**Student:** 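Here it is, the structure in full.
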2 protein chains.
Amino acid sequence: MTRILCIDDEPRLLRGMRVNLEARGYEVDTAADGVSALDAAAARRPDVVLLDLGLPDMDGIDVIRGLRAWGTMPIVVLSARELEPDKIAALDAGADDYVTKPFGMGELLARIRAAERRAAPADEAAVIDTPHFRVDLAAKRISRDGADLHLTPTEWHLVERLVRNPGKLVTQRALLQDVWGPRYEQETNYLRVYMAQIRRKLEPDPAHPRYFLTEPGMGYRFEPGAGHDAAGSPR
Amino acid sequence: MTRILCIDDEPRLLRGMRVNLEARGYEVDTAADGVSALDAAAARRPDVVLLDLGLPDMDGIDVIRGLRAWGTMPIVVLSARELEPDKIAALDAGADDYVTKPFGMGELLARIRAAERRAAPADEAAVIDTPHFRVDLAAKRISRDGADLHLTPTEWHLVERLVRNPGKLVTQRALLQDVWGPRYEQETNYLRVYMAQIRRKLEPDPAHPRYFLTEPGMGYRFEPGAGHDAAGSPR
DNA sequence: TGGCACCGTCAAGGACCCGTCAAGACGGCG
DNA sequence: CGCCGTCTTGACGGGTCCTTGACGGTGCCA
């Protein structure tokens, strides 16, 4: 969850902010002056900082410099001062955005989203591990027993869709639509052929699948298989 | 030098912008409509984009989407529309900042500086070594068996994109968009021709590639040599 | 017990994709 | 104006991948 530090000397505004932001799913910290703001930032490591320049104890510019001394998280300045020199000073001190009061909540939220997006690390830890194979979604690469193995585009597409929803059932319709397009919703035989190939490549015992399970009449399910043990079923 | 692409349908404003920005040491490209803007962006690779939303041929939001389809450079929107929904739509489409006209040149320059600062990569070890050749990304040089060898601009562009993502599969779409621009997504024969040339120059046995691997139907992958660290943090 | 629906398996044909080569187009430079 | 490096475009052979149909197995139900 994204954590936001909100700095303003007006308790009423802080409370309003907190309600609005928490309603959008953010985790909110607040501070009412510069010193406690820097303390809170150091302690809580917020993902985004909202800063009012008019604080009682410190110049807002110095707060920005204090934050930038150790962190690179986005800083959005909220200020009643519309004069250009104020904006320039704040931006050059290290602020990422400058919004003049009064502002609309919708706009502020959009600017926060833009700031988050920029700061977000581009690469996700998109690696799924099972006892028998490893799927790297970002690199589009699969290895088994340490050796890379090759999937065709269609096979990969299917595996990706299933692996991105671990434990969940994916209906045949959804799979066919995703891989072959909306006009192939009836061609369930495609699924049978390709699931067989995938199992042959990935399952330790393709005849008794442990990871790619069939739900008859419904679809397929990828089971990461940490908790599951597949003792030889007595047949 | 920082390159800025300035998009507006008013020639007078474009000229004023150019003078102002060039006086500050920026390199300036201009475009007067959406289509030529996307072309210019693909061809010139600006570091920052200034975009007026009111273009004659396309919706500004679609221009943002078109740029974001292949690039992550900062986009600063300049617009006469002050309404909140416009701002939100632009920011959520991928814009980094939204400035309403009229604006002060000083403020705009400060916002450009802020955008540049954010986008500046903390660039890393720009030398990739393999048992057979060495790529210096910063110096744009390639050597094999100690001797420098020459790549054409297009070849270099391709190699760079692949080498910057070691081990990762880069789709044909991504390569074509990156090297030739968004309009060439279908021309996969370009990739075949140039990958062949690159392999002829770099691979020890061009007929059986070891470093530049093909994933049929998907794309290509650069595989660093065996003893490589492989844990290089992509940034 | 027989029939039906659904699933897994297999193999063959054809469509598609890739590597290769070479000729023509384009643009910079002497 | 002519040369040269580079990019574009088309064609061809070979290989991979997708599609398609048939067959057998299994569980459910009448």
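Here is how names work: the chains are called A, B, and so on, in the same order as the sequence lines, proteins then strands, and each is numbered from 1. What you are looking at is a predicted structure, and each value in this text was computed from that prediction instead of being measured.
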**Student:** For A/K201 and D/dT16, give me the distance from atom NZ to atom P, rounded to whole Å.
**Tutor:** 12 Å
**Student:** Where the side chain of A/Y194 is defined as all heavy atoms beyond and including C-beta, which of D/dT19, C/dC18, D/dT9 is the nearest nucleotide?
**Tutor:** D/dT19
**Student:** Nearest to the B/P153 side chain among D/dC18, D/dT6, C/dG19, which nucleotide is it?
**Tutor:** D/dT6
**Student:** Base, sugar-phosphate or nothing for B/H208? Non-hydrogen atoms, less than 4.0 Å.
**Tutor:** nothing
**Student:** Are any of the side-chain nitrogens in A/R3 or A/D47 under 4.0 Å away from the carboxylate oxygens of its partner?
**Tutor:** no
**Student:** Could you check how far CD of A/E215 sits from P of C/dC7, rounded to whole Å?
**Tutor:** 11 Å
**Student:** Rounded to the nearest angstrom, tell me the gap between atom OH in A/Y190 and atom C1' in C/dC7.
**Tutor:** 17 Å
**Student:** Only pairs at least two apart or in different chains count here, so list each ring-ring contact (aromatic ring centres under 6.0 Å, His included) that has a residue in residues 199-222 of chain B.
**Tutor:** B/H132-B/Y211, B/F133-B/Y211, B/F212-B/F222
**Student:** Which is true for A/T188 with a 4.0 Å heavy-atom rule: it touches a base, it touches only sugar-phosphate, or it touches nothing?
**Tutor:** nothing
**Student:** Would you work out how much the helix from C/dT1-D/dA30 to C/dG30-D/dC1 bends between its ends, with each end axis defined by five base pairs, to 10 degrees?
**Tutor:** 30°
**Student:** Taking only side-chain nitrogens and oxygens of B/W180, does any of them come within less than 4.0 Å of OP1 or OP2 of D/dC7?
**Tutor:** no
**Student:** I want to check something: taking the side chain as every heavy atom from C-beta on, are A/R118 and B/T72 in contact at a cut-off of under 4.5 Å?
**Tutor:** no
**Student:** Is A/T214 close enough to C/dC6 that one of its side-chain N or O atoms is under 4.0 Å from OP1 or OP2 there?
**Tutor:** no
**Student:** Does anything in residues 55-68 of chain B pair up under side chain to side chain donor-acceptor pair (under 3.5 Å), and if so which pairs, sequence neighbours excluded?
**Tutor:** B/D62-B/R65, B/R68-B/D96
**Student:** Could you check how far CH2 of A/W156 sits from C1' of D/dC17, rounded to whole Å?
**Tutor:** 18 Å
**Student:** Can you check the B/L191 CG to D/dG10 C1' distance for me, whole Å?
**Tutor:** 17 Å
**Student:** Have a look at B/Q197 and say if it touches a base, only the backbone sugar-phosphate, or nothing, with a 4.0 Å heavy-atom cut-off.
**Tutor:** nothing
**Student:** Between C/dC18 atom C1' and B/L175 atom CG, what is the distance in whole Å?
**Tutor:** 15 Å
**Student:** Using whole Å, report how far CG of A/L176 lies from P of C/dC7.
**Tutor:** 11 Å
**Student:** The criterion is side chain to side chain donor-acceptor pair (under 3.5 Å); which residues satisfy it with B/T214, sequence neighbours excluded?
**Tutor:** B/R199
**Student:** Does B/R45 come within less than 4.0 Å of B/D178, counting only side-chain N to carboxylate O?
**Tutor:** yes
**Student:** Have a look at A/Y184 and say if it touches a base, only the backbone sugar-phosphate, or nothing, with a 4.0 Å heavy-atom cut-off.
**Tutor:** nothing
**Student:** Donor-acceptor pair, distance only, cut-off 3.5 Å: does the side chain of B/E84 make one with the backbone of A/E107?
**Tutor:** yes
**Student:** Taking all non-hydrogen atoms of both residues, which atom of B/G167 and which atom of B/P224 are closest, and how far apart?
**Tutor:** N-CD, 4.2 Å
**Student:** Quick one: B/E155 CD to D/dG5 C1', roughly how many Å, whole number?
**Tutor:** 11 Å
**Student:** I'd like to check the ring pair (Phe, Tyr, Trp, His ring centres under 6.0 Å) partners of A/Y26; sequence neighbours left out, ordered by chain and number.
**Tutor:** none
**Student:** Are B/D8 and B/K101 ion-paired here, with the side-chain N under 4.0 Å from a carboxylate O?
**Tutor:** yes
**Student:** What does the list of N/O pairs under 3.5 Å between the protein and nucleotides 20-24 of chain C look like, with a distance for each?
**Tutor:**
none

**Student:** Which one, D/dT6, D/dC17, C/dG19, comes nearest to the side chain of B/H150?
**Tutor:** D/dT6
**Student:** If you assign A/T154 and B/E187 each to the DNA chain D nucleotide with the nearest heavy atom, which residue ends up on the more 5' nucleotide?
**Tutor:** B/E187
